[in-house]
Amino acid sequence: MSDPKQSKVVLDESQMPTHWYNLVADLPTPPAPHLHPGTRQPLVPADLEPLFPPGLIEQEASTERWIEIPTEVHDIYRLWRPSPFYRARRLEAALGTTAKIYYKYEGASPVGSHKTNSAVPQAYFNKIAGRTRLTTETGAGQWGSALAFATQVFGLTCDIWQVRSSYESKPYRHYLMETFGATAVASPSELTEAGRAIREQFPDTTGSLGMAISEAVEAAAKDPNASYSLGSVLNHVALHQTVIGQETLKQLELFDEGPADYLFACAGGGSNLAGISFPFIRENLEGRAATKIVACEPKAAPSLTEGEFKYDFGDTAHLTPLLKMYSLGPDFVPDPVHAGGLRYHGMAPLVSHCYHEKLIDAIAIGQLEAFEAGVVFARAEGIVPASESNHAIAGAIRQAKASTEAGESPVIVIGVSGSGQLDLPAYAEFLSGGMENS
Ligand SMILES: *Cc1c(COP(=O)(O)O)cnc(C)c1O
């Protein structure tokens with residue numbers, strides 16, 4: 001395409017990916033297996049059966065390169081996929097940069113983030129396994145609302161534990177979960193043993209994802225008809241998100257652009273980063289590209305840049321398997337920054353492995369720099385990004401400025417993981433000068 005003003009590429013539904021891409025098949029060194037918390041032996045499928053349905057357990061350990069997306073899931077993806085891809089011409093102009101900036105936008109999904117890409121297949125594989133109820137945790141509420149939507153599609157009930165600080169400061173998200181028919185409670189709650197124990201010890205706690213996971217896991221383990229569902233971190237979640245990166249590669253090609261020089265995505269548990277970057281890592285490994293992939297994490301929860309690479313628990317009560325990951329420890333309670341989706345102590349084992357093997361880089365971004373970037377982006381492109389996505393945009397703007405100073409014009413791709421329409425109170429706080437850095 002040679003239109004010098006071209007601003008977007010919208011694929012039609014026939015160009016949607018038909019398979020998820022499993023990076024494990026192409027990794028030069030195999031990632032460390034998850035371990036049983038009691039025996040410290042590699043997990044066997046039976047260990048996960050109380051928590052997850054067989055379809056997802058199989059994906060968690062799969063080494064197949066391509067895994068077919070079931071028709072029932074593909075049909076629901078059609079509601080918002082393929083997602084749009086833009087050349088950020090007005091952002092480039094606003095920055096006065098010589099870089100070419102593109103972004104992939106996941107905010108047009110039913111709940112305004114990439115989370116539905118995994119919520120829908122998770123609900124589907126539970127449904128076909130005969131489960132009738134899902135339990136989960138949510139931070140800012142994006143995952144909770146995505147799962148509330150997905151369970152409703154497949155006729156399952158859904159109980160959600162939301163980190164208390166977010167439950168109270170972002171009420172619109174639980175209104176959204178309730179609109180889709182789910183129940184949402186603030187965590188730690190009185191409904192579980194884990195929640196009651198934490199509240200007794202720390203009556204004023206603002207909660208954490210680690211605590212909310214403990215509650216949701218306990219609730220699922222006690223109900224034979226229920227499964228637990230996790231919105232990030234695990235291999236099967238990363239797998240589902242790879243529709244993002246597959247589409248992005250195609251869309252970049254339709255812009256007649258060579259391989260990207262840089263790819264920026266925000267990283268909380270690592271799922272949107274995995275989703276957009278794993279297909280790019282494949283291009284790098286096969287010698288077709290040399291894209292520098294940069295995980296942008298918040299300074300308030302810098303698991304990659306300041307954590308330790310070790311076996312650790314995913315939750316506070318130590319109910320989850322041991323995962324080999326960069327972690328700040330399951331008792332870490334980050335400051336209640338606005339990017340609630342990034343307030344997690346660990347990082348997806350596959351993303352951690354890639355970072356350890358130097359297949360990706362990482363930087364930490366403060367809250368003020370993130371919001372400053374978000375406002376510049378909103379004013380230029382007309383899309384208010386999610387608080388989390390602002391970290392990726394800030395990383396890209398840093399690079400655009402450095403490239404401009406160096407007289408270079410690289411291709412920079414940003415993963416904009418969600419919409420910030422429900423984060424507007426955080427923007428208001430930033431604009432009034434009342435926001436703290438972290
Ligand atoms: C949940 C969320 C994140 C962080 O989760 P990851 O698993 O790291 O992707 C980032 N952006 C948005 C919009 C989210 O909803």
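Excluded from the calculations below are hydrogen atoms, water molecules and symmetry mates; all remaining heavy atoms, backbone and side chain alike, are included. Each ligand, and each atom within it, is numbered from 1 in the order the structure gives. Note that the coordinates shown come from a computational prediction; the quantities given were computed from them, not determined experimentally.
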Task: Backbone of Leu239 reached by a side-chain donor or acceptor of Thr242 within 3.5 Å - done: yes

TODO: Could you list the atoms of ligand 1 found under 4.0 angstrom from a heavy atom of Leu342?
DONE: 4 (C)

TODO: Report, in ascending order of atom number, the atoms of ligand 1 lying under 4.0 Å from any heavy atom of Ser417.
DONE: 10 (C), 11 (N), 12 (C), 13 (C)

TODO: Give the residue, atom name and distance (to 0.1 Å) of the protein heavy atom nearest atom 4 (C) of ligand 1.
DONE: Gly341 O, 3.2 Å

- [ ] Among Phe264, Phe85, Phe377, find the residue that satisfies the ring-ring contact (aromatic ring centres under 6.0 Å, His included) test when tested with Tyr103.
- [x] Phe377

Open item on the list: Below the 3.5 angstrom mark, is there an N/O of Gly418, backbone or side chain, next to an N/O of ligand 1?
Closed with: no

Open item on the list: At less than 4.0 angstrom from any non-hydrogen atom of Gly270, what atoms of ligand 1 do you find?
Closed with: 6 (P), 7 (O), 8 (O)

Open item on the list: Hydrogens and angles aside, do Glu64 and Asn22 bring a side-chain donor and acceptor to less than 3.5 Å of each other?
Closed with: no

Open item on the list: Testing the basics here: between Pro188 and Gly207, what is the closest heavy-atom pair and its distance to 0.1 Å?
Closed with: CD-CA, 3.8 Å

Task: No-hydrogen, no-angle side-chain donor-acceptor test under 3.5 Å, Tyr102 and Glu257 - done: yes

Task: Any side-chain donor near an acceptor of the partner, Ser417 and Ser389, under 3.5 Å - done: yes

Open item on the list: Is the distance between the ring centroids of His236 and Phe52 under 6.0 Å?
Closed with: yes

- [ ] Answer yes or no for His114: is there a heavy-atom contact with ligand 1 below 4.0 Å?
- [x] yes

Open item on the list: Checking the N or O distance criterion of under 3.5 Å, is ligand 1 in contact with Glu388?
Closed with: no

- [ ] Can you sort out which atoms of ligand 1 are near Ala267, meaning under 4.0 Å from one of its heavy atoms?
- [x] 8 (O)

- [ ] Just need the protein heavy atom nearest to atom 6 (P) of ligand 1, so name the residue and atom and give the distance.
- [x] Ser271 N, 3.4 Å

Open item on the list: Can you name the atoms of ligand 1, numbered from 1 with element, that are less than 4.0 Å from a heavy atom of Cys266?
Closed with: 10 (C), 11 (N)

Task: Short N or O distance, Gly231 and ligand 1, threshold 3.5 Å exclusive - done: no

- [ ] Could you list which atoms of ligand 1 come closer than 4.0 Å to a heavy atom of Ser232?
- [x] 6 (P), 7 (O)

Task: Criterion side chain to side chain contact (heavy atoms under 4.5 Å, CB included) against His240, the qualifying member of Gln59, Lys115, His114 - done: Gln59

- [ ] Using a strict 4.0 Å cut-off to heavy atoms of Ala386, name the atoms of ligand 1 that fall inside it.
- [x] 13 (C)

TODO: Using distance alone, decide if ligand 1 has a nitrogen or oxygen within less than 3.5 Å of any nitrogen or oxygen in Lys115.
DONE: yes

Open item on the list: Does any N or O of ligand 1 fall below 3.5 Å from an N or O anywhere on Gly269, backbone included?
Closed with: yes

Task: Distance filter under 4.0 Å to Gly268 heavy atoms, resulting ligand 1 atoms - done: 8 (O)

- [ ] Classify the side-chain pair Gln15/Lys250 by whether it contains a donor and acceptor separated by less than 3.5 Å.
- [x] no

TODO: Show the numbers, then the answer: is there a side chain to side chain donor-acceptor pair (under 3.5 Å) between Ser189 and Trp161?
DONE: CA-CA 8 Å; Ser189 74; Trp161 277 263; 3.1 Å; yes

